[in-house]
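Since the structure comes first, as C-alpha cells, the remarks are kept for the end.
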Protein chains: 2
Amino acid sequence: MSSEVRGERRGVKGHPKSGPSIGDVARLAGVSSQTVSRVSTGSEPVKAETRERVLDAMRQLGYAPNLAARALRRGNFRSIGLIAHQVIRTGESKTIEAVIEAARREGYSVSLVDVESPSSSDVSEAVQHLSHQAIDGLIIIRAETATPAALALPPTMPVAVSDSRFIGHHPAVGADQVGGSRAAVQHLLDLGHGVVHHIAGPSDSGPADLRATAWKQTLVDAGREVPEPFGGDWSAETGYKIGNEIAQRDDVTAVFAANDEMAAGLMHALHEAGRRVPDDVSVVGFDDIDLAAHLWPPLTTVRQEFHQIGHDLVEVIMRQLGGREQLTGYHGTVPAPLIVRQSTAAPRKRRRTRR
Amino acid sequence: MSSEVRGERRGVKGHPKSGPSIGDVARLAGVSSQTVSRVSTGSEPVKAETRERVLDAMRQLGYAPNLAARALRRGNFRSIGLIAHQVIRTGESKTIEAVIEAARREGYSVSLVDVESPSSSDVSEAVQHLSHQAIDGLIIIRAETATPAALALPPTMPVAVSDSRFIGHHPAVGADQVGGSRAAVQHLLDLGHGVVHHIAGPSDSGPADLRATAWKQTLVDAGREVPEPFGGDWSAETGYKIGNEIAQRDDVTAVFAANDEMAAGLMHALHEAGRRVPDDVSVVGFDDIDLAAHLWPPLTTVRQEFHQIGHDLVEVIMRQLGGREQLTGYHGTVPAPLIVRQSTAAPRKRRRTRR
DNA sequence: AGGCATTCTGTTTACGTAAACATTCTCCCC
DNA sequence: GGGGAGAATGTTTACGTAAACAGAATGCCT
C-alpha cells in the first residue's frame, strides 16, 4: 500500500541511483572521507571516539560500502568463479557446497555457472562468460574433454580444476579414481566372482575413462577375461536400460557401475526382472551419494570425499592469490574408500534357469 | 620451469595490477577512449572500419573490460544473489540450476550462498553477507522461518522468494504444496486405505508445515481419523529410523512422506523388516527427485517443477529491475502434479502376523 | 551550391573508494 | 616547558569506465 517512502534514488545528472557514499558519512560525522574509509576497512587505527561517531553516522544513513568502487580501487573482487556441469544433480553438488563454504570463510563469494554439456565448446563459453565476470579466481569441476588450450584465460587468473585431464596444465584436485575403482573390482573378485562387468560413464568423460581403465587393468592383473563394457551416460535411466539387458544374461554376476545413479537404475531393472541383488547379481556404484545407503539393497560403493575436494580446490586458489606461488604442476589426490554395504555378496554356486 | 614471462603486472605506484585499459586500446587504435567504450558496449554506432581497428587493438592487447569500473559507472553489477539452504542436496538443486540458467540468459551471473541451517539468524547473516556483495537482486530459496522483518535489506533491493511464508512481504514463487499434498493423500484414500500416516519435515519449515496441514485437512475432509504425524528432518537417515518404528506397527498401511529422501529411508526400513511395498505398506513421497523413478519400488510422488520455479524467480527479479514494478504482493504458484508409480496400491484385506 | 539533418568521433567529467603523502595533535621525557 | 616521537586525521590523486555535451564529417535535398 503506502509507497511514498520508496524511490529515494538520487535523480541527479545521468548517474544511476546509489546509496549514501563515504563522503556523506564523513560530512555527517564531521570527519574526512579517508577517516570513514579507515573505519570501514579497519586498515588503520582510528581513535575510539571518532570511530563511534563515524559508525553512528553510518547507521544513521544506512551506509554500505560500494563494492564496485572498492573493487576498482583495490583491483580485486573477493569473488571466485565456479564452473560446474549439471553437477548440481549428482554427488558432486557437495563439492559445490564445500567450495562455497570454504570460499566464504576466506571472505570470498562464489559465482556459479552451470554448463549443460561438458563439451569443450560449452566449457570454453562458460570460461569466456565468467572471465568477463568479476572474479579473482576460477574453479572448474569436471571439465571433461576441454583441452587446456581451449581455456583462453587471462594468464594471471588463478585456476583450480577437479579433473585429472588438466594435470600438468592447471593445478588439480581430485579423488583417487583409480584406487577406488581397483578396490571396487578387487572386492568383487575377492568375493569369488569370475568376472566383473562394467557400466561406464560417457566416453568423453575423464573420470569415466579413468574408472573404466582401472576396472580393465584390475581384471587383467588378476588374469581374468575383460568383457565389453556397457556404455552409459551417468543417468539412472540409462542404468535401467542397460539393466534390462543384463537381466537377460545369466553370465553376469557382478557389475561395477561408474556411478551410483546408474547402479540404482541397474538394480531397478534387476528387481523388475526378478533377479536378486546381491544373491544373483552383485552391484557396486561410485560416489556414495546420500541415498546410496538407503537404496534397496543399500549400495556398496566407492566414496568420493567431495567435501574435501571442494575445500582443497579453494585452498589451491587462495595459495595462488596469496603468494605468487606457481602451482601449475600441483595435483592433489583425495582417497576414495570402498564402502561395503549389502549389494555385494559371493556368487551363488549355480543359477537355475532365469526366474 | 620458465617463468620469466609472468609478472606482467603494472608495478606503478601503489595501484594493484590490472590489464590493459580502454585508454591503452584507444592509443593503439588511434581513437578516443570513448570510441573504444562504444565498441565495447555496442551502445552507439561506430563506423565499421573504426570498429575493426579498435577490435584489432583489443585482441592485440588482450583487452577485457574492467567490470569493477563498469559496475561503478553504471551502478549495477549484472549479478544476482542466491541464498539456498543445504538445498543443493535435495531436489531443489534443480531450482538453482534453473535460476543460473535463466539469469545467464538475461546476462546476469549468480552469486550463491548456502546457509547451513534455515534458521532466522543464518539467513539474516547470509542476507547481510550477500547484500554487501555486488548484487542487483536477491533470490531466497527456502528461507523457512526467517521473518520478513529479519531481512534487513536495502529497500531498493529487488527480492524474490520461494517460500510461502513471505507472501505479502516479498514477491514469492512456489509449488502448489497444498494441492500436491491433497492429491497424494486423496490418492491413498481412493485406493481404499482407511487412514494415511505422515512423515513430516522439520517443524520450522514452511513447506513442511503446508504439507502437514494439507495432509491433515484432507483426512478431516474425508471424515477420517488424523493420527499423530511422525517428525522428520528431510533426511533419508531419519526416514529410515522412523521406518523402523512403522515396520513394527501392523496398523500402518499408507504413509505420505514430506519428501522423497525420507520416503526412500522408510522403504529401506520396511524392506529390511520384511514388510512389502506396496503390498503391505503404500508410500508416497514429495519432490520427484531424479532417482525416485528408480528406487525400489519406483516411488509414487508429488512432482515439484523446480525448473519452472527457478525460471519464474528470475523473471520476478527482472521485472523489478526493469520497470519500477511494485510486486510485493505477487505470488506465483506452480502446479505440483501427483506422479503415480509402483509404491502405492490398495491395502491387503488383512495382514497376517508380521514377517 | 548551400544548408541542414544525420552519423560519427572527441573532450570533459563524475562514479566511490583507498593509497600515498602531508599535516596536526598528544603526550612523554629530560 | 621545550622538543620530538608517534598517533590520529586530512588532502590529493588515481583506479577504468561511460554519460553528457560538443564538435567534425558526411550525405542528401532543393
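Lettering of chains follows the sequences in order, A, B, ..., and the numbering in each one begins at 1.
Here the closest heavy-atom approach between residue B:Ala71 and residue B:Phe77 is recorded as CB-CD2, 3.7 Å. Nearest approach of B:Val314 to B:Val99, heavy atoms of both residues: CG2-O, 3.5 Å. Heavy-atom minimum distance, A:Val54 versus A:Ala29: CA-CB, 4.0 Å.
For A:Ala98, the side-chain contact (heavy atoms from CB on, under 4.5 Å) partners two or more places apart in sequence, or in a different chain, are A:His307. Taking B:Ser40 as the reference, B:Arg70 meet the side-chain hydrogen bond (donor to acceptor under 3.5 Å, both in side chains) condition, with sequence neighbours excluded. In this structure, the salt bridge (charged side-chain N to carboxylate O under 4.0 Å, His left out) partners of B:Glu44, at least two apart in sequence or on a different chain, are B:Arg38. Scored by the side-chain contact (heavy atoms from CB on, under 4.5 Å) test, B:Leu28 finds B:Ala57, B:Gln60, B:Leu61 as partners (sequence neighbours excluded).
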TODO: Sugar-phosphate means primed atoms, P, OP1 and OP2; the rest is base. With that split, encode nucleotides 5-10 of chain D 5' to 3' as B, S or - using protein heavy atoms under 4.0 Å.
DONE: ---SBB
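Under the 4.0 Å criterion applied to side-chain N and carboxylate O atoms, B:Asp56 and B:Arg53 are not assigned as salt-bridge partners.
Rounded to a whole Å, the CZ atom of B:Arg27 is 18 Å from the C1' atom of C:dT9. Rounded to a whole Å, the CD atom of A:Glu49 is 15 Å from the P atom of C:dC25. To the nearest angstrom, P of D:dA14 lies 17 Å from CG of B:Asn66. Going from atom CZ of A:Arg78 over to atom P of C:dT17 covers 17 Å, rounded to whole Å. Protein atom CE of B:Met58 is 9 Å distant from nucleotide atom P of D:dT17, rounded to whole Å. Rounded to an integer number of Å, the gap from A:Asn76 CG to C:dA19 C1' is 14 Å. Whole-Å rounding puts the B:Glu52 CD to C:dC8 P distance at 15 Å.
Between atom OG1 of residue B:Thr95 and atom NE2 of residue B:His311 there is a gap of 13.0 Å, rounded to the nearest 0.5 Å.
Defining each end axis of the helix from C:dA1-D:dT30 to C:dC30-D:dG1 as the rotation carrying four pairs' C1' atoms onto the next four, with five pairs an end, the two axes are found to diverge by 40° to 10 degrees.
In terms of phosphate contacts, B:Arg74 brings no side-chain nitrogen or oxygen within less than 4.0 Å of OP1 or OP2 of C:dC15. The phosphate of D:dA18 has OP1 or OP2 within less than 4.0 Å of a side-chain N or O from B:Ser37.
Within the nucleic acid shown, A:Thr41 comes within 4.0 Å of sugar-phosphate atoms alone, with no base atom in reach, counting heavy atoms only.
Distance from the side chain of B:Ile22 is smallest for D:dA18 among the nucleotides C:dA18, D:dA18, C:dG16.
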